[in-house]
Amino acid sequence: MALLQSDNIGRKIDDRWLWRGVSLALSPGDRLGWVGPTGTGKSLMLRSLAGLDPLDEGEIRFGDRPLSALHLPQYRSQVMYLHQRPVLFEGTVESNLKAVYQLSVYSQRRYNLERVLTLLDILKRPPEFLHKNATTLSGGESQIAAIVRALQLEPSVLLLDEPTASLDPDTTKQVESAIATWLKNDPGRACIWTSHDPEQIRRVTDRCFNLGEYKK
């Protein structure tokens, strides 16, 4: 059974179809590359798969259930969208990591410092990174904080929208390693990557889906 799938989904802007008839199946262990020319709506497709933007036709399924039958906060805790420009709140990096546990969907879970420190180690950041003021972080540091915030929650699917666009080459490799470790820790997980770097797509994915073929 596919972990996440779309059946003939489509999205239009005004009267123009951006893409239409998109069907895909993401199986456990998959690392799918999401490619296509600029303007084909790659980010919008990821947001639709995450339940953040509406569809104009078709259906998304998680396991054996349609998205329309699922509790959206619970779904989004399992199918997580990671934007290239993350939003952080006032306070320290650690307070941002802890804040998500105040959401009702995570009410039965607790912040795990050991897990966070393991992630920071993979990302070559010292424990003191947790005490930095989140509002004064550089773009790259903000992305690191957002990646740790997502991975600590151990979702089933990551939808990665240019997650390393603001990072230097060394940090990019560290992020790739952190996501590879997240996948390795549970064979039931999968991810979709978008990137303008063809070399990165070749490194981090097993197959590609060209959204440009569905542009109407």
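Only heavy atoms go into these numbers, but all of them, side chains included; no hydrogens, no water, no symmetry mates. All residue numbers in this chain count up from 1 along the given sequence.
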Main-chain N/O of [Y] paired to [X] side chain as donor or acceptor, under 3.5 Å:
X	Y	answer
Asn96	Phe89	yes
Ser6	Val22	yes
Thr92	Lys132	no
Glu59	Ile9	no
Ser138	Glu141	yes
Thr135	Glu90	no
Arg61	Gln5	no
Arg109	Leu153	yes
Arg11	Leu44	no

Side-chain heavy atoms nearer than 4.5 Å, only ILVMFWY residues, links allowed to pass through others: does that put [X] and [Y] together?
X	Y	value
Val105	Leu4	no
Leu137	Ile144	yes
Tyr111	Ile147	yes
Leu183	Ile201	yes
Leu52	Trp34	yes

Within this structure, what is the [atom1]-[atom2] distance for the pair [X] and [Y], rounded to the nearest 0.5 Å?
X	Y	atom1	atom2	value
Arg31	Leu160	CZ	CG	11.5 Å
Thr194	Glu162	OG1	CD	4.5 Å
Asn112	Leu97	CG	CG	11.5 Å
Asp7	Ile60	CG	CD1	9.5 Å
Leu158	Leu46	CG	CG	11.0 Å

Quick one: closest heavy-atom pair of [X] and [Y], and the distance?
X	Y	value
Leu120	Pro126	CD1-O, 4.0 Å
Met80	Ala150	SD-CB, 3.5 Å
Ile122	Ser177	CG2-OG, 3.8 Å
Ala178	Leu123	CB-CD2, 4.1 Å
Ser142	Pro86	O-CG, 3.6 Å
Ala145	Val93	CB-CG1, 4.1 Å

Output all residues satisfying side chain to side chain contact (heavy atoms under 4.5 Å, CB included) with [X], sequence neighbours left out; order by chain, then residue number.
X	result
Ala99	none
Asp197	Ser195, Glu199, Gln200
Ala180	none
Ser166	Gln143

With a 4.5 Å cut-off on side-chain heavy atoms, are [Y] and [X] touching?
X	Y	answer
Asp64	Met1	yes
Leu32	Arg207	yes
Tyr81	Pro155	no

Which residue pairs pass the salt bridge (Lys or Arg N to Asp or Glu O under 4.0 Å) test when at least one of the two sits in [range], sequence neighbours left out?
range	value
residues 34-46	none
residues 111-126	Arg115-Glu154
residues 167-182	Glu176-Arg203
residues 69-87	none

Throw together a table of side-chain donor-acceptor distances under 3.5 angstrom for residues 184-193, partners on residues two or more places apart or in other chains.
residue: Asn185; atom: ND2; partner: Thr181; partner atom: O; Å: 3.4
residue: Asp186; atom: OD1; partner: Gly188; partner atom: N; Å: 2.8
residue: Arg189; atom: NH1; partner: Trp182; partner atom: O; Å: 2.7

*Is it the case that Asp161 and Ser43 place a side-chain donor and acceptor less than 3.5 Å from each other?*
yes
*Report the C-alpha distance between Gln174 and Leu167 in whole Å, list the side-chain angles of each, state the deciding distance to 0.1 Å, and finish with yes or no for side chain to side chain contact (heavy atoms under 4.5 Å, CB included).*
CA-CA 10 Å; Gln174 292 152 13; Leu167 304 181; over 6 Å; no
Distance-only criterion, 3.5 Å: show the donor-acceptor pairs between side-chain atoms of residues 65-75 and protein atoms not counting sequence neighbours.
residue: Arg65; atom: NH2; partner: Ala69; partner atom: O; Å: 2.9
residue: Tyr75; atom: OH; partner: Leu49; partner atom: O; Å: 2.4

*For Phe129, what residues pass the ring pair (Phe, Tyr, Trp, His ring centres under 6.0 Å) criterion, not counting sequence neighbours?*
none
*Pairs meeting criterion side-chain hydrogen bond (donor to acceptor under 3.5 Å, both in side chains) with involvement of residues 98-108, two or more places apart*: Tyr101-Gln152
